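Only one structure is covered here, and it is reproduced in the block below.
All figures in this text were calculated on a predicted structure; none of them were measured in a lab.
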Protein chains: 2
Amino acid sequence: MRQSPKEPGMEAKDLKKAGLKATLPRLRILQILEESNQKHMSAEDVYKTLIEGDVDVGFATVYRVLTQFEAAGLVIRHHFDTGHSVFELNRGGHHDHMVCLKTGKVIEFKNAEIERLQNEIADKHGYVLEDHSLVLYVRPKDSKK
Amino acid sequence: MRQSPKEPGMEAKDLKKAGLKATLPRLRILQILEESNQKHMSAEDVYKTLIEGDVDVGFATVYRVLTQFEAAGLVIRHHFDTGHSVFELNRGGHHDHMVCLKTGKVIEFKNAEIERLQNEIADKHGYVLEDHSLVLYVRPKDSKK
DNA sequence: ATGCCTGCAAAGCTTTTGCAGATGC
DNA sequence: GCATCTGCAAAAGCTTTGCAGGCAT
């Protein structure tokens with residue numbers, strides 16, 4: 001079910017599939033999440049980008065749409081320790097995150113061994129791992145605290 | 001204010017050491033965190049316990065005290081995906097958490113290999129691991145989604 | 001046409017802050 | 001006594017919701 005990367009109607013289809021009408025705010029927000037330099041955006045980031053692009057969308061709509069996208073599996077909501085949620089387009093490949101305490105930069109990483117160990121731990125306690133959240137808070141090697 | 005059978009005055013000392021006066025609300029909150037069945041309590045949990053114990057402390061004070069305790073390293077604040085912070089007495093031994101999606105129960109666990117891998121990952125990216133947050137969201141083996 | 005969407009404003013929740021009076025040392 | 005601390009209420013920050021009009025299909 002993979003289509004060419006820059007297919008214009010592709011987003012609209014994804015929305016339909018999720019039972020959501022292909023409206024301007026939704027398409028724009030999807031586009032922003034897709035094209036932004038930062039892969040992880042807060043609702044405010046998205047809102048500001050919309051305004052800058054002369055699209056008059058309300059803050060409430062941004063939240064509503066992002067929440068609908070989350071429910072539809074189109075985006076993933078993260079709760080880093082920043083006081084607000086950040087949203088990331090769900091491109092399918094699971095990964096974890098590293099947040100730089102100096103710059104705020106978010107780095108993605110994957111580690112199969114950690115994934116495996118997590119399942120093992122849950123299992124050992126009589127549970128099934130449903131989801132997990134792993135965030136490393138880091139600092140550049142050459143920086144002082 | 002009753003004295004604990006175990007080590008009376010010890011908490012007060014800890015407070016002093018942190019530059020905090022040993023006041024009734026602080027001592028009580030410390031005691032609650034120490035003696036509660038649930039090791040992980042929200043500000044509201046602590047507040048309710050205080051009220052039940054006929055100690056008239058304001059909500060704001062609970063937050064203020066817990067925040068001070070966190071700054072002093074006496075407690076650790078966690079941000080599970082529950083919409084509010086939970087606090088845990090810092091007993092020294094680091095561990096991660098598993099949250100049961102069915103019962104809300106919090107289980108602690110330790111895994112040296114995961115810890116090691118985290119450091120390795122940060123290092124590989126040119127960073128030093130300062131802190132991390134790992135939460136497994138799990139479901140009992142025999143339960144349906 | 002009609003039912004889903006949106007913008008606005010207002011409310012909701014958790015957490016923080018200002019201030020006057022109270023308390024620990 | 002004096003600085004620190006507390007209670008109350010009010011505010012702040014993020015997010016959600018109610019409602020009346022607007023838009024996609």
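- Rounding to the nearest 0.5 Å gives a distance of 10.0 Å between CD of Glu113(A) and CD1 of Ile121(B).
- Atom-to-atom, CG of Leu15(B) to C1' of dC25(C) comes out at 14 Å; the value is rounded to the nearest Å.
- For the pair Met41(A) CE and dT15(D) P, the computed distance is 14 Å after rounding to whole Å.
- Side-chain atoms of Ser36(B) and Met41(B), non-hydrogen and from C-beta on, do get closer than 4.5 Å to each other.
- Heavy-atom minimum distance, Arg28(B) versus Gly53(B): NH2-O, 4.3 Å.
- A salt bridge links Lys124(A) with Glu120(A); the closest basic N to acidic carboxylate O contact falls under 4.0 Å.
- For Ser85(B) and dT14(C), the shortest distance from a side-chain N or O to OP1 or OP2 is not below 4.0 Å.
- Glu44(B) places its CD atom 12 Å from the C1' atom of dT15(C), with the value rounded to the nearest Å.
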Return the polar atom pairs (N/O with N/O) between nucleotides 2-4 of chain C and the protein under 3.5 Å, or none.
{"unit_1": "dC4(C)", "atom_1": "O4'", "unit_2": "Lys21(A)", "atom_2": "NZ", "d": "3.3"}

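- Rounded to whole angstrom, the span from the NE2 atom of His79(A) across to the P atom of dC14(D) amounts to 15 Å.
- There is a side-chain donor-acceptor pair under 3.5 Å between Thr67(A) and Arg77(A).
- dC25(C) atom P lies 14 Å from atom NZ of Lys13(B), rounded to whole Å.
- Ring to ring, Tyr127(A) and His125(A) are not that close: their centroids are 6.0 angstrom or more apart.
- For the pair Lys16(B) NZ and dT4(D) P, the interatomic distance rounds to 15 Å; values are reported in whole Å.
- In this structure, Asp45(A) and Thr49(A) approach most closely via the heavy-atom pair O-OG1, 2.7 Å.
- Following rounding to the nearest Å, His84(A) (NE2) and dT16(D) (C1') show an atom-to-atom distance of 17 Å.
- The main-chain N or O of Tyr137(A) is never found under 3.5 Å from a side-chain atom of Asp131(B) such that the two would form a donor-acceptor pair.
- A heavy-atom distance below 4.0 Å to DNA chain D is reached by these residues of residues 47-68 of chain B, ordered by number: Asp56(B), Val57(B), Gly58(B), Ala60(B), Thr61(B), Arg64(B).
- Using a cut-off of 4.0 Å between Lys/Arg side-chain N and Asp/Glu carboxylate O, Glu44(B) and Lys48(B) are scored as salt-bridged.
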